[in-house]
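This chain uses plain numbering: 1 for the first residue, then up along the sequence. Keep in mind that what you see is a predicted model, and the values were worked out from it rather than measured. Both backbone and side-chain heavy atoms feed into the values below; hydrogens, waters and symmetry mates do not. Whatever order the structure lists them in is the order used to number ligands and atoms, beginning at 1.
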Amino acid sequence: MKKFDREHILHPYAPAVPVAEMYMVKSASGVYLELDNGEKIIDGMSSWWSVIHGYNVPELNAAATEQLSKMSHVMFGGLTHESAINLSKKLLSVTDESLEHIFFSDSGSVSVEVALKMAFQYFNSQGNKQKTKILSFSKGYHGDTFGAMSVCDPVTGMHAAFEGILHKNIFCEEPMCSFDSEWKEIYIADFKEKIENHHKEIAAVIVEPVVQGAGGMRIYSPLLLKRVRELCTQYDVLLILDEIATGFGRTGKLFAYEYAEIAPDILCVGKALTGGYLSLAATLTSKKVMQGVEANGNILMHGPTFMANPLACAVANASLELLLNSPWQERVRSIESQLLKELGRCRELFLVKEVRVLGAIGVVELHKEIDLAWMTPEFIARGVWVRPFLNLVYIMPPFVISKTELTTLTTAIFEVVAAFEGVAE
Ligand SMILES: *Cc1c(COP(=O)(O)O)cnc(C)c1O
């Protein structure tokens, strides 16, 4: 079976015939993945930020089964259903009150495309055809589709592979202030210069609030975000917040923008929206933005086949309810303090450049690039699933992880990084 996979099935950012070994997952329950050889390993990645309640959750299984018995899918053009309505009510009630409209799509990247369309159409419909660019921070990540790629970090992102094809946007220096660093205006200087000089051609700023994910796992001061909001308002530029990774409690707030006490014009959510059960994302926006988009008889031009898929909406509803009825703040805080203590120990390793923690996110940045083919079996041998990239070994476990299970994860990271010192020359 694995031979067929190897020869025919493509995997994320991997060669057609991968060099590294592929592990087969038979089932998953709680924080454990069960491999085909019966071994159980702790998932430190929450399947890329999404599985916040763990796997095989009775409440989510029940919601899926109930929805299946009604209908798994129905087109959203001209038709609607209870699952979409209930989920929208819930999402709009937990996000900023200025957000009143919601667009469902099937993946985070598509929700970003929709956000970009909203921003461009907002100005275009009102007769301003000059605003054709997006301003974003370096080291950001917003997805793999073309619009999303064009706002990802121009160096570590995928720009080189699509030279001459991607829409040319404007980038400023990545955030240089850590989460609790004292504020200095210099931190916003480059952003300020870019927006001052180019605001006539900038429709929107897109940013991952407080935590930059796949572009470099950097955590920055909410005060920077506050200044970004002020400058966007001052220069008539829309602010898109990409909470696809940070949303639903991951950083210790339900949404990371709450740290900055600001509101976005457009908000993208995805990943943990369905508790990692199904692919669903959403783009939320204000009345002001939708009215702008619809000026002069225009309408938002997007409509995916699986828009607001009832099965995904039903599970998302159950997931949000489960989250809100759980002591998630205490859980995330307790994971945070354990990560600070246990991952903090990695600082004594000479290969370690920095350890960063916020909420249920722990990052160990190394001085040199990791070796995935060497590291993965080392983690598996220690009973954990950790998927590092570049020079970053990081985890964002399910919120339901126990103290002992988390210690298994952090100990594995310490040991594997320590052992890597001997291998990495
Ligand atoms: C994962 C991610 C995306 C893309 O979401 P997909 O569902 O993979 O398309 C966009 N933005 C951020 C911040 C992400 O973490």
Sub-4.5 Å side-chain heavy-atom contact between Val94 and Phe255 | yes
Let me have the donor-acceptor pairs involving side chains of residues 388-398, under 3.5 Å, with sequence neighbours excluded, atom names and distances please.
| residue | atom | partner | partner atom | Å |
| --- | --- | --- | --- | --- |
| Asn391 | ND2 | Glu365 | OE2 | 3.4 |
| Asn391 | ND2 | Leu366 | O | 3.0 |

Would you check if the distance from the ring center of Phe137 to the ring center of Phe191 is below 6.0 Å?
-> yes
Just jot down the ring pair (Phe, Tyr, Trp, His ring centres under 6.0 Å) partners of Tyr32, sequence neighbours excluded, or say none.
->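 None.
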Would you mind writing out the side-chain donor-acceptor pairs for residues 301-312 within the sub-3.5 Å range, not counting sequence neighbours?
| residue | atom | partner | partner atom | Å |
| --- | --- | --- | --- | --- |
| His302 | ND1 | Lys117 | NZ | 2.8 |
| Asn309 | OD1 | Leu311 | N | 3.4 |
| Asn309 | OD1 | Ala312 | N | 3.0 |
| Asn309 | ND2 | Ser72 | O | 3.1 |
| Asn309 | ND2 | His73 | ND1 | 3.0 |

Step-by-step side chain to side chain donor-acceptor pair (under 3.5 Å) determination, Ser47 to Tyr55 | CA-CA 10 Å; Ser47 275; Tyr55 297 88; 2.7 Å; yes
Can you pull the residues with any heavy atom under 4.0 Å from ligand 1?
->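 Around ligand 1, where the cutoff is 4.0 Å for heavy atoms, the contacting residues are Ser107, Gly108, Ser109, Tyr141, His142, Gly143, Glu208, Asp242, Ile244, Ala245, Lys271.
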